[in-house]
Amino acid sequence: MAQRPYIVGNWKMHGTRAMVAEARAIDRAAERLIKVEVALAPPATLIQAIRKEASLIGVGAQDCHTAEGGAHTGDISAAMVKDAGAGFVIVGHSERRANHGETDADVRAKAQAALAVSINVIVCVGETEGQRDAGQAEAVVASQLDASLPRGEHVLERVTVAYEPVWAIGTGRTPTTEDVAAMHRAIRAKLLEIYGEGAEAVRILYGGSVKADNAAALLAADEVGGALVGGASLTAESFVGIVVAAAERLEHHH
Ligand code: 13P
């Protein structure tokens with residue numbers, strides 16, 4: 001991990017105001033682990049409350065619409081999540097690709113919308129189990145990257161990639177460290193092809209059943225710059241364990 005490790009909690013559709021206390025506890029713990037960049041993506045309804053309560057951690061959204069505004073009932077624009085206090089937005093999560101039929105082109109348009117209002121973006125990619133079994137994992141991810149990643153000015157300062165194999169999400173199953181490393185090297189190569197040399201600085205997160213007890217091994221894999229954490233990010237107790245693993249990984253490296 002050449003760059004500062006980045007540990008992001010994706011709360012998905014979990015959390016009411018009662019959980020703001022959990023975010024506050026995560027923020028307090030992050031103060032003791034400043035070598036790690038920590039962030040939470042709560043439901044949009046909690047962005048403002050958590051931004052107000054947390055001083056150190058990043059706060060982001062889980063999705064945004066492609067348009068600046070308009071007749072899109074129920075949707076939220078990038079400018080709106082920014083206004084609520086979001087510093088970044090996750091786009092292209094496999095749950096959105098699957099449940100809302102989001103295509104690579106949609107994901108890219110959302111990423112461009114985030115960049116247009118000067119917030120950061122985490123672009124998610126990952127293969128299904130069937131695709132991995134068919135030996136297509138790297139090809140699938142490469143084509144997702146080609147078609148989902150935003151282009152243009154300031155992209156490299158603002159973009160993070162999250163590799164989340166769909167079959168590892170919420171299942172307790174993870175790829176081997178070797179498989180994670182191989183995929184992350186392939187993603188790095190693709191980023192260099194798309195963006196040129198500056199892409200060396202883009203962080204590539206691993207996501208899918210990351211817990212405190214497997215984080216050290218996953219974070220040790222080649223080209224893994226952090227983690228995107230679902231279930232284990234819902235309590236300070238489990239999430240901070242992952243942040244500690246990232247901090248310790250750093251100690252071993254320097
Ligand atoms: P889990 O950590 O619950 O497997 O979820 C991963 C994920 O989808 C994060 O975006």
Side-chain angles (χ1 to χ4, degrees), residues 5-15 19 22-23 26 36-44 46-47 50 57-64 81 86-100 102 106-107 110-111 114 120-129 131-132 137 140-141 144-145 148 159-177 179-180 183-184 187 203-219 221 224-246:
Y6 190 26
I7 307 294
V8 183
N10 171 12
W11 279 7
K12 308 190 179 183
M13 200 168 73
H14 301 286
M19 263 179 71
E22 217 57 55
I26 290 166
V36 182
E37 187 174 347
V38 180
L40 286 177
L46 291 180
I47 291 172
I50 291 178
I57 60 170
V59 181
Q62 300 171 12
D63 177 48
C64 68
V81 298
F88 70 94
V89 57
I90 297 170
V91 297
H93 192 283
S94 59
E95 287 153 13
R96 292 211 58 89
R97 290 177 185 263
N99 302 345
H100 297 269
E102 290 186 7
D106 295 327
V107 175
K110 289 175 178 219
N120 294 346
V121 62
I122 299 177
V123 179
C124 302
V125 294
E127 82 285 357
T128 63
E129 183 158 40
Q131 289 165 334
R132 174 157 291 265
V140 165
V141 167
Q144 288 176 331
L145 290 168
S148 306
V159 75
T160 296
V161 171
Y163 167 58
E164 299 203 307
V166 176
W167 51 274
I169 295 175
T171 59
R173 295 166 56 207
T174 57
T176 64
T177 310
D179 284 345
V180 171
M183 180 61 85
H184 279 239
I187 292 172
R203 284 179 295 201
I204 308 168
L205 313 181
Y206 168 78
S209 295
V210 178
K211 311 281 175 224
D213 60 6
N214 64 14
L218 291 163
L219 291 167
V224 173
L228 183 55
V229 183
S233 72
L234 293 170
T235 67
E237 195 188 357
S238 53
F239 192 49
V240 172
I242 296 168
V243 180
V244 168

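Numbering of ligands and ligand atoms starts at 1, following listing order.
The pair E127-R132 meets the salt-bridge criterion, with a side-chain N (NZ, NE, NH1 or NH2) lying under 4.0 Å from an Asp/Glu carboxylate O.
For L218 against P175, the heavy-atom pair with the smallest separation is CD2-O, 4.3 Å. Taking every heavy atom of both residues into account, V166 and S94 meet most closely at CG2-CB, 3.7 Å. Nearest heavy atoms, V8 versus L205: CG2-CD1, 4.0 Å.
Considering both main-chain and side-chain atoms, K12 comes within under 3.5 Å of ligand 1 through a nitrogen or oxygen pair. Where the criterion is an N or O separation shorter than 3.5 Å, residue side chain and backbone included, G230 meets it with respect to ligand 1.
Assignment of G208 to the shell around ligand 1 is supported, since a heavy atom sits closer than 4.0 Å. Residue contacts with ligand 1: A232 is excluded, as none of its non-hydrogen atoms falls under 4.0 Å.
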message: Please evaluate residues L40 and L46 with respect to the criterion side-chain contact (heavy atoms from CB on, under 4.5 Å), reporting the C-alpha separation (whole Å), side-chain torsions for both, the decisive distance (0.1 Å), and the verdict.
response: CA-CA 10 Å; L40 286 177; L46 291 180; over 6 Å; no
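With a 4.0 Å heavy-atom cut-off, ligand 1 is reached by the side chain of N10 but not by its N, CA, C or O.
When each atom of ligand 1 is checked for a heavy atom of L228 under 4.0 Å away, the hits are 9 (C), 10 (O). Short contacts between ligand 1 and H93, defined as distances under 4.0 Å to a heavy atom of the residue, involve ligand atoms 7 (C), 8 (O), 9 (C), 10 (O). Heavy-atom proximity to G231, at under 4.0 Å, picks out these atoms of ligand 1: 1 (P), 2 (O), 3 (O).
When only modelled atom types and interatomic distance are considered, E164 and H93 share a side-chain donor-acceptor pair under 3.5 Å.
When E164, Q62, K211 are ranked by how near their heavy atoms come to atom 6 (C) of ligand 1, first place goes to E164.
Classified by interplanar angle (parallel below 30°, tilted 30° to 60°, perpendicular above 60°), the ring pair F88/Y6 is perpendicular.
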